[in-house]
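Residue numbering restarts at 1 for every chain, and letters A, B, ... go by the order of the sequence lines. None of these values were measured; they are calculated from a predicted model.
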Amino acid sequence: MTQPLLEVTSVSKSFGGVEANRNIDLSVPEGKIIGLIGPNGSGKTTLFNSIVGYHPVDNGSIRFQQKEITQLLVPDIARLGLLRTFQQTRIYSGMTCLQNMQISAPDTTTGFKSLFAALPMDQMQKINEMLTFVGLHTKRDILAGELSFGQQKLLEFAMALIASPKLLLLDEPTAGINPTLINGLIERLKIANQQLGITLLIIEHNMRVIMNLAEHIYCLAHGQILAQGTPQQIQSNPIVIDAYLGAS
Amino acid sequence: MKTQYSLLLYLSLLLVSLAAPLLLPDYRTQLALLWVMVVFALTWDIMGGQMGYNSFGNILFFGVGMYACAVIQRDSGLSYFPALYLGIAAGGIVALLLALIIGNGLLGLRGHYFAIGTLGLGVAAGEIAGGWDYIGAGSGMTPPLFPGELSVRDTFFYYAFFVWATITFFTLRWLYQGRFGLAINAIRDNEDKAEAMGLHTTRYKIAAWSITAFFLGVTGAAMGNLIGFIDPKDVAFAGSTYGVWMILMAIAGGKGTLWGPVIGAVLFHITQELFWTLLLGWQRVALGLLIIIIVLFFPQGILGWIRERFSKRRQSEQPTLAHTTPPRSEQQEQST
């Protein structure tokens, strides 16, 4: 058994008196799709924020590729190949889709010179392929802010993919997307995982989606890991049903 | 087709610019100032327009460059031109270094906080310069006299500023076309996202700030010699005139675009001079009214307004990279 790509060990995070995360243990093996579910306010997004370095954790350790990243800042962690998308979609609204992709594509040059580097033309083909992949190629010259919400989500997804991360954290990728598009998105997530080799950790409220995608699911409630297991185990776990599925 | 239009535009602008001081010899100083205004607007737009960081303190670098040059000219013991060139280089470098030093702290601020933080810079610099004997304190400094006739001096500075504005324009054009331009636009649109995507946001911000400072420092250095007298608060750190104008010109023309600040600077300078000539005594009132009209009716600037009106036409044309290459409609507007 190889070392997991991401290993979260007894991470806790409080905001004032609210314990958002308490002693969370979670591991993401390389090449897998892992799901993270839980009722609203159970601490899923807080955990994401802790992993990508958005805020310091109170205790515990986060390791990415066996490297301690608990103390690192957001851009440093991102450059290691650990990216996330946001629940409230974040794109560069004043720039065209193409420009959004261009600035997300990895920097091929390094150091001071890279600040003023020209845009590498050989990336264009990859960018065009990626835009076609998410179905936005015809909209490449439209300002990203003028896209619909669902299209913005797809653009954000494509921006994350073009950056070729090793691990991608997706915060509710299907929220606000129409049901027919969701099926396409599931396919694309699978392709990203299998063909591009990107490991995925997905927060999702849509049970059909997450049961279909994930090989292993963690269920959070009240800031703690309530249960974990395969989709079948989670679906039949009475505690989970009581805390989450039963409530909906 | 498109490159032909651009070439024609640039060539005609070049011809007009070269011929202007010969055709209008009485206005040489004003024409020289026009190019200074263009540099003001262009450099303010790097941070204010392209990066979304509204700075009210850019005048600091202008004044610092002016003083640095004057000190070199006073103390170096060189003859006029070598001292001037050395002083201009020093003006740019000192301003750049200053930007690097204060940028590290100041650029940690965002949005309104950054704007307020920069507001103090120019004011503080004016007060410090007004109390520092080494640079003449409140009585200011007088750069050495130009060796030659007044008309030669004016022509010299006209071409000097023309060349400098051209260098500024093309440097920025080149920067905006590359990764730098996209990165600072990304910072403008969503800095958190840019960080989350692993961009070196701090580096880009400090680079943008330093580039602004360098171009303004050089401009200030030469400007002291054109005006012939450096007053700490009315010339060098003239926040209430130049400092405000640079923002106004960029916004009036269309911030976040390459040509917008240029158009804004030209129109503003001409309008302002007309107000002085035609409405003497009321020129500031007229200027104030103009500002209100611009903000109310053209919040996106002249170029932004044109873009909005012609956006349908633009979409049907060959797609271009917005921000980097000006669409055809603007170029036609420019050349008419």
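- Proximity to chain A is limited to the side chain of B:Ile211, based on heavy atoms less than 4.5 angstrom apart.
- Residue A:Lys126 places its NZ atom among more than 12 non-hydrogen atoms of other residues, nucleotides or ligands, all under 6.0 Å distant.
- To the nearest 0.5 Å, atom CE of residue A:Met95 and atom CG of residue B:Asp189 are 6.5 Å apart.
- Side-chain N or O atoms of B:Asn190 include none that pairs as donor or acceptor with a backbone N or O of A:Tyr92 at under 3.5 Å.
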Between B:Asp192 and A:Arg90, does a side chain to side chain contact (heavy atoms under 4.5 Å, CB included) hold up when you go through it step by step? CA-CA 9 Å; B:Asp192 287 329; A:Arg90 291 186 186 178; 3.3 Å; yes
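- Annotation: B:Tyr113, atom OH; neighbour count of heavy atoms from other residues, nucleotides and ligands within 6.0 Å does not exceed 12.
- Interatomic distance, A:Ser104 OG to B:Lys193 NZ, rounded to the nearest 0.5 Å: 6.5 Å.
- Neither the backbone nor the side chain of A:Ala144 comes within contact range of chain B, judged by heavy atoms closer than 4.5 Å.
- For A:Ala78 against B:Ala196, the heavy-atom pair with the smallest separation is CB-O, 3.3 Å.
- Atoms CE and CG, on B:Met197 and A:Leu83 in that order, are 5.5 Å from each other to the nearest 0.5 Å.
- Annotation: salt bridge (Lys or Arg N to Asp or Glu O under 4.0 Å) contacts of B:Lys205 (sequence neighbours excluded): B:Glu191.
- For A:Gln66, the CD atom is densely surrounded, since the number of other residues' heavy atoms within 6.0 Å is greater than 12.
- Judged as a ring pair (Phe, Tyr, Trp, His ring centres under 6.0 Å), the pairs with a partner in residues 200-221 of chain B (not counting sequence neighbours) are, in order, B:Phe61-B:Trp209, B:Phe114-B:Trp209, B:Trp164-B:Phe215.
- Scanning residues 47-56 of chain A against chain B with a 4.5 Å heavy-atom cutoff picks out A:Tyr54, ordered by number.
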CA sep, side-chain torsions, deciding dist, call: B:Arg179, A:Gln102, side chain to side chain contact (heavy atoms under 4.5 Å, CB included): CA-CA 8 Å; B:Arg179 212 176 154 76; A:Gln102 281 179 314; over 6 Å; no
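- Around atom CD of A:Glu68, more than 12 heavy atoms belonging to other residues, nucleotides or ligands sit under 6.0 Å away.
- Residue B:Phe297 places its CZ atom among 12 or fewer non-hydrogen atoms of other residues, nucleotides or ligands, all under 6.0 Å distant.
- Residue A:Glu129 places its CD atom among more than 12 non-hydrogen atoms of other residues, nucleotides or ligands, all under 6.0 Å distant.
- For A:Gln87, the side-chain hydrogen bond (donor to acceptor under 3.5 Å, both in side chains) test picks out A:Thr45, A:Glu172, with sequence neighbours left out.
- When heavy atoms are compared at a cutoff of 4.5 Å, A:Leu80 does not approach chain B at all.
- Contacts of B:Leu199 with chain A are made by both backbone and side-chain atoms, with heavy-atom separations under 4.5 Å.
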